[in-house]
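In what follows, a structure is listed as structure tokens, so that the remarks can point back to it.
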Amino acid sequence: MTAPAYLARRPYQSRFIALRGLRHHLLDWSAAGTASDQQGPPLLMLHGWMDVGASFQFVVDALQEQGRRVISIDWRGFGLSAGSGADAYWFPDYLGDLDALLDAVSPDAPVDLLGHSMGGNVVMTYAGARPARVRRVINLEGFGLPDTQAEQAPGRLSKWLDDLKTTQELKPYADLAAVAARLMKTNPRLGAAKADWLAPHWSREVDGAWQILADPAHKRANPMLYRKDEIVATWARIEAPLLWVEGACTDLTKFWGTRYPRSDFESRLSVVPNLRRQVLADAGHMLHHDQPEALAAAIEDFLA
């Protein structure tokens with residue numbers, strides 16, 4: 001028996017905005033009426049690596065308070081946003097794009113920021129760099145990366161130079177059903193109805209095959225080392241209250257093995273001055289897909 005289709009209860013308005021010279025896709029779940037009808041500051045939701053802004057649809061649908069304006073974008077080189085045109089992508093550019101987005105949607109007042117995975121790392125860093133621009137921060141499993149050492153630099157640079165000479169490609173899929181199956185393989189907790197809904201937002205048809213909406217250049221090695229001390233110094237400057245949310249079934253060793261022990265992450269998070277934590281049962285890394293109702297309840301309680 002075929003599962004019923006997922007029907008979005010709060011569709012977004014799709015439009016485009018120029019941020020730092022690049023065309024970005026903006027998703028706006030505004031309440032009906034004028035801007036003066038919106039309750040509270042805008043809530044910006046920022047997706048993770050190899051994802052798209054529409055990924056937050058299930059959480060937005062689960063929010064009980066429908067008066068708040070919720071906004072997301074496809075990061076540069078993802079979804080319907082333009083690629084950078086460069087050989088590689090640089091983390092500070094996401095901060096620049098976010099800063100430009102805030103200038104466009106809330107130039108005079110702080111906003112609430114939510115980020116998942118890579119997006120969680122972006123909002124944490126931004127909140128430390130621009131504390132006056134942020135009222136509340138929600139980080140969904142933006143753990144950061146293992147620390148690096150200076151002696152790793154030559155090998156990383158060599159790998160990057162090799163990658164520059166290699167054409168990067170993403171696997172094509174025969175149809176949307178295959179894309180949905182790929183989504184469910186990555187996250188076994190994702191039901192068929194949600195996967196079917198996500199598939200056309202996550203891919204597009206090109207010459208008879210379905211291509212993931214991501215610039216293949218994202219696959220290239222980053223030549224810049226990740227410095228834990230710099231991250232800790234930035235996180236320590238966060239003034240906004242922070243809600244850290246993770247799935248009870250997330251296992252850090254599946255991402256990094258023993259290179260990034262849990263104790264290392266806990267020491268980083270401990271520098272944030274105002275911290276609240278939440279663990280969602282029966283949820284993994286894609287917790288906004290696994291438990292959107294529980295996550296929505298946690299978000300609303302924190303932002304109230």
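Numbering of residues begins at 1 and proceeds along the displayed sequence.
- Panel note: side chain S14, backbone L27; no donor-acceptor pair is recorded below 3.5 Å.
- Using a 4.5 Å heavy-atom threshold, the side chains of L63 and R68 count as separate.
- A salt bridge is defined here as a Lys NZ or Arg NE, NH1 or NH2 lying under 4.0 Å from an Asp or Glu carboxylate O, and D301 with R276 meets this definition.
- With contacts defined as side-chain heavy-atom distances shorter than 4.5 Å, the pair L80/V52 does not qualify.
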Problem set entry | Derivation of the side chain to side chain contact (heavy atoms under 4.5 Å, CB included) call for L102 and Y126 | CA-CA 11 Å; L102 265 61; Y126 186 83; 3.6 Å; yes
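- The shortest side-chain heavy-atom distance between S106 and V111 falls under the 4.5 Å cut-off.
- Salt bridge status for R23 with D74: absent, with no side-chain N to carboxylate O gap under 4.0 Å.
- Scanning both residues, S72 and G53, for their nearest heavy atoms gives OG-CA, 3.4 Å.
- With ring centers used as reference points, W244 lies under 6.0 Å from F143.
- Under the 4.0 Å criterion applied to side-chain N and carboxylate O atoms, R220 and E169 are not assigned as salt-bridge partners.
- With hydrogens and angles ignored, the 3.5 Å screen pairs no side-chain donor or acceptor of S158 with any backbone N or O of G155.
- At least one donor-acceptor pair under 3.5 Å links the side chain of W202 to the backbone N or O of M50.
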Problem set entry | F58/Y6 under ring-ring contact (aromatic ring centres under 6.0 Å, His included): CA gap, chis, key distance, verdict | CA-CA 9 Å; F58 313 129; Y6 183 83; 4.9 Å; yes
Exercise. Between Y12 and Q57, does a side chain to side chain contact (heavy atoms under 4.5 Å, CB included) hold up when you go through it step by step?
Worked result: CA-CA 8 Å; Y12 60 77; Q57 182 68 54; 3.6 Å; yes
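- For the pair A236 and P273, the tightest heavy-atom approach, listed with the atom from each and the gap, is O-CG, 3.9 Å.
- L275 and L113 end up in the same hydrophobic cluster when Ile, Leu, Val, Met, Phe, Trp and Tyr side chains are linked at under 4.5 Å.
- Without hydrogens or angle criteria, R135 side chain to L303 main chain gives a donor-acceptor distance under 3.5 Å.
- The residues D99 and R20 are annotated as not salt-bridged, no charged nitrogen and carboxylate oxygen being separated by less than 4.0 angstrom.
- Looking only at side-chain heavy atoms (C-beta outward), M124 and V272 come within less than 4.5 Å of each other.
- Checked by atom type, the side-chain pair T250/E141 shows a donor-acceptor distance below 3.5 Å.
- With hydrogens and angles ignored, the 3.5 Å screen pairs no side-chain donor or acceptor of Q211 with any backbone N or O of E205.
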For this session: Given side chain to side chain contact (heavy atoms under 4.5 Å, CB included), test W256 with L145 step by step and report yes or no.
Result: CA-CA 8 Å; W256 300 290; L145 298 172; 4.0 Å; yes
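- Taken to the nearest 0.5 Å, the CZ atom of R130 stands 13.5 Å off from the OG1 atom of T125.
- Across every non-hydrogen atom of R237 and A129, the tightest pair is NH1-CA, 3.9 Å.
- Under a hydrophobic-cluster definition in which Ile, Leu, Val, Met, Phe, Trp and Tyr are linked whenever side-chain heavy atoms come within less than 4.5 Å, directly or via other members, L26 and V123 are assigned to the same cluster.
- Remark: of the listed residues H288, H47, H289, H288 is the sole one forming a ring-ring contact (aromatic ring centres under 6.0 Å, His included) with H116.
- For the pair D93/R76, a side-chain contact is recorded, criterion being any heavy-atom separation below 4.5 Å from C-beta on.
- Once rounded to the nearest 0.5 Å, the distance linking NE2 of H24 with CZ of R15 reads 13.5 Å.
- Annotation: side chain of L161 is not in contact with side chain of R156 (no heavy-atom distance under 4.5 Å).
- Interatomic distance, CZ of R136 versus CG of L242, reported as 11.0 Å (0.5 Å rounding).
- Of the charged side-chain nitrogens involved, none lies within less than 4.0 Å of a carboxylate oxygen, so that R259 and D147 do not count as a salt-bridged pair.
- A salt bridge links R277 to E266: one of the charged nitrogens lies within less than 4.0 Å of a carboxylate oxygen.
- Atom CG of N121 is separated from atom OG1 of T234 by 11.5 Å, given to the nearest 0.5 angstrom.
- Cluster annotation: F91 and L225 are assigned to distinct hydrophobic clusters (Ile/Leu/Val/Met/Phe/Trp/Tyr, side-chain heavy-atom contacts under 4.5 Å, transitive).
- Neither L101 nor L22 shares a network with the other; the hydrophobic side chains, linked directly or stepwise wherever heavy atoms of I, L, V, M, F, W or Y lie under 4.5 Å apart, form separate groups for each.
- Q291 contributes a side-chain N or O that, together with a main-chain N or O of D282, makes up a donor-acceptor pair within less than 3.5 Å.
- Tracing side-chain contacts under 4.5 Å through hydrophobic residues (I, L, V, M, F, W, Y), one never reaches L19 starting from F16; they form parts of separate clusters.
- Ring geometry for W197 versus H201: interplanar angle under 30°, hence parallel rather than tilted (30 to 60°).
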Problem set entry | Pair I138-M45, side chain to side chain contact (heavy atoms under 4.5 Å, CB included): steps then yes or no | CA-CA 9 Å; I138 302 171; M45 295 184 168; over 6 Å; no
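- The existence of a salt bridge linking R10 and D61 is excluded, since no basic side-chain nitrogen approaches an acidic carboxylate oxygen closer than 4.0 Å.
- Residues Y89 and W75 keep their aromatic ring centres 6.0 Å or farther apart.
- Taken to the nearest 0.5 Å, the CG atom of L46 stands 11.5 Å off from the OH atom of Y94.
- The aromatic rings of F78 and H218 sit parallel to each other, their planes meeting at less than 30°, with 60° as the upper class boundary.
- A distance of 10.0 Å separates CG in L252 from CG in D264, rounded to the nearest 0.5 Å.
- Using a 4.5 Å cut-off on side-chain heavy atoms (C-beta onward), L114 and L44 make no contact.
- By the 4.0 Å N-to-carboxylate-O rule, K219 lies too far from D163 to be salt-bridged with it.
- Checking side-chain atoms of E230 against main-chain N and O of R227 turns up no donor-acceptor pair under 3.5 Å.
- Atom CE of M224 is surrounded by 12 or fewer heavy atoms from other residues, nucleotides or ligands within 6.0 Å.
- Between L170 and I212, some side-chain heavy-atom pair lies under the 4.5 Å cut-off.
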